[in-house]
Protein chains: 2
Amino acid sequence: MLELRSLPTDCAARRSDSVCATCGARAFSVCSSLGVDDLAGLDAIAERVSLKSGEALIRQGEPAVHLFNITSGSVRVYKLLPDGRRQITGFLFAGDFVGLATGQDYAFSAEAIEDATLCRFKKSDYRALIRERPALETALLERATHELAAAQNQMLLLGRKTAQERIASFLLDLPERDPIRPTEAGHIRVPMTRAEMADYLGLTIETVSRGLTKLKTAGVIRLLSLNEMLVDRPERLRAIAEGEA
Amino acid sequence: MLELRSLPTDCAARRSDSVCATCGARAFSVCSSLGVDDLAGLDAIAERVSLKSGEALIRQGEPAVHLFNITSGSVRVYKLLPDGRRQITGFLFAGDFVGLATGQDYAFSAEAIEDATLCRFKKSDYRALIRERPALETALLERATHELAAAQNQMLLLGRKTAQERIASFLLDLPERDPIRPTEAGHIRVPMTRAEMADYLGLTIETVSRGLTKLKTAGVIRLLSLNEMLVDRPERLRAIAEGEA
DNA sequence: GGCTCCGCTTGATTGAGATCAATGCGTCCT
DNA sequence: AGGACGCATTGATCTCAATCAAGCGGAGCC
């Protein structure tokens, strides 16, 4: 276990200093549960992967052999129905973990929505590391618990909120999930398309577009560009999100 | 830590033999990760609670001091919007675990939907037990991971499935979640009301009722009573659930 | 520059499921 | 037994978001 495996990039170049040690995403990730001394063990089983926007890291139905840690960029996780209807179950950002699902095969797909880098682990290697470092398991459990709470919020959104409430909720949640926050408060980076927002919110592209326009017209937000927004009246946005309007 | 605390029932009567040792739900629960020798430690921090149908074990917004293990009966977990709209995020049965959520306060409510018994733990006590028995943490992580996968399925259901597809999916999932399975295959115990089904599926009572009637008329299911159904054509039900019809 | 493509917005119409409104039916209570 | 209550079913109508259908506008390309 934990033996050094062949890596796609030059091993020699990385042997001297741990890549994990200088990883900008470490602070946001489960890796932070490991002490600096343990990073070598993590490094040894990690494989660095770069993805272009649109490329897949996980394909629904394929054998679940890998786990991933996002180190930069954004990823969409989704499930498909046979006729092509898509539900995006979450967006992942730097520090997020994916692939822990039990079961022989992946029950979902995951693709980069912008250029991304990630660490890939063989499930068996990672399991072995967990056995040696229980703090890692604690961190994973905490993260899974967080995600479960987020999933419950999303079920409330999908099952009971109106289109406008869903859009407002999304704009409020997005920045606190994404560790790459623009410096200014109220500034939202939106790395996904309208279609992706729609598939995440259980709506259509048109409804999302209309909803954003309505928020803009009401003076709640400004659309700086397709991928950047500014919240002018956060308290109003919060009220809309909770159906108090 | 792990000291014997005052219990609502007669301690003397239970000191001689572990209640956990004879617990019918143990096999389905995270408790099964503990060896028989460790059950004493679990017993020491467990408080047995009985609930009548409708009584609450967790109230949204209250301090999150307890964890629970369901030992019999059924429980609904739900979130509310300020105006009263309700989303049931899950039903719990014997063996299920609830309350691990991070955060100071509970972010959801949980109530018995039929008479139920459960084990209650103080969060701090349970955390201490986890520290002593890492296998428990592994079991919890595995369970959380399962629930996460189930949550993703539910998001697909709520975001992208039609009313008919949701109802069919529910009838397929229900029996495999509930460990109290009637002996005959195709026989479904439905401990919840139509209103609860509706709030779980993101529908109204009327739509659920109409959907069930439609399945009955199509010869897919039979309604033996309000709380018992029989699936005559499971393959048909599966096709409907996946939108292949 | 002008063309095309792609993602987004806006408008018109439709439809699935919500809402409103009786009615049915089993259980419990006196 | 009769009545009343709670839950479920069934029917009629309405509404919000989906669908259908143009345009718009920026980015990339020849």
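Note: hydrogens, waters and symmetry copies are ignored here, and every other heavy atom, side chains too, is used. Throughout, a chain's letter reflects where its sequence line sits, starting with A, and its residues are numbered from 1.
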Can you pull every protein N or O that's under 3.5 Å from an N or O on nucleotides 14-16 of chain C?
none

Which atoms form the tightest heavy-atom contact between B:L158 and B:R166, and what is the distance? O-NH2, 3.1 Å
Roughly how many Å is it from CG in A:D199 to C1' in C:dG7, rounded to a whole number? 14 Å
Can you find a side-chain donor-acceptor pair between B:T117 and B:T71 that sits under 3.5 Å? yes
Side-chain donor-acceptor pair present, A:E114, A:S74, cut-off under 3.5 Å: yes
With heavy atoms of chain B within less than 4.0 Å as the criterion, where does contact along DNA chain D begin and end? D:dA8 to D:dA12
Can you pull the salt bridge (Lys or Arg N to Asp or Glu O under 4.0 Å) pairs that have at least one residue in residues 91-104 of chain B, sequence neighbours excluded? B:D96-B:R143, B:D96-B:R177
Using the salt bridge (Lys or Arg N to Asp or Glu O under 4.0 Å) rule, collect all pairs that involve residues 212-223 of chain B, keeping only residues at least two apart or in two chains. B:R222-B:D232
Output all residues satisfying salt bridge (Lys or Arg N to Asp or Glu O under 4.0 Å) with B:E206, sequence neighbours left out; order by chain, then residue number. none
Pairs meeting criterion ring-ring contact (aromatic ring centres under 6.0 Å, His included) with involvement of residues 206-243 of chain B, two or more places apart: none
Does any part of the side chain of A:L226, heavy atoms only, come nearer than 4.5 Å to the side chain of A:T193, both counted from C-beta? no
For residues 78-88 of chain B, which residues have at least one heavy atom under 4.0 Å from DNA chain D? none
Set of residues satisfying salt bridge (Lys or Arg N to Asp or Glu O under 4.0 Å) with respect to B:R210, sequence neighbours excluded: none
Sorted by number, the residues of residues 200-212 of chain B with heavy-atom contact under 4.0 Å to DNA chain C: B:G202, B:L203, B:T204, B:E206, B:T207, B:R210
A:M197 atom CE is separated from C:dC8 atom C1', nearest whole Å, by 12 Å
For residues 97-116 of chain B, pull every pair meeting ring-ring contact (aromatic ring centres under 6.0 Å, His included), keeping only residues two or more places apart or in separate chains. B:F97-B:Y126
Could you note down all residue pairs passing ring-ring contact (aromatic ring centres under 6.0 Å, His included) where residues 189-209 of chain B supplies at least one of them, sequence neighbours left out? B:F91-B:Y200, B:F170-B:Y200
Just the rounded figure in Å: distance from C1' of C:dC25 to CG of B:L223. 14 Å
By nearest-nucleotide position on DNA chain C, the 5'-leaning member of A:K216 and A:R160 is A:K216
Rounding to a whole Å, what distance do you find between A:I167:CD1 and C:dC8:P? 13 Å
What pair of heavy atoms forms the shortest contact from B:Q152 to A:K79, and how long is it? O-CD, 3.8 Å
Who passes salt bridge (Lys or Arg N to Asp or Glu O under 4.0 Å) against A:E176, sequence neighbours left out? none
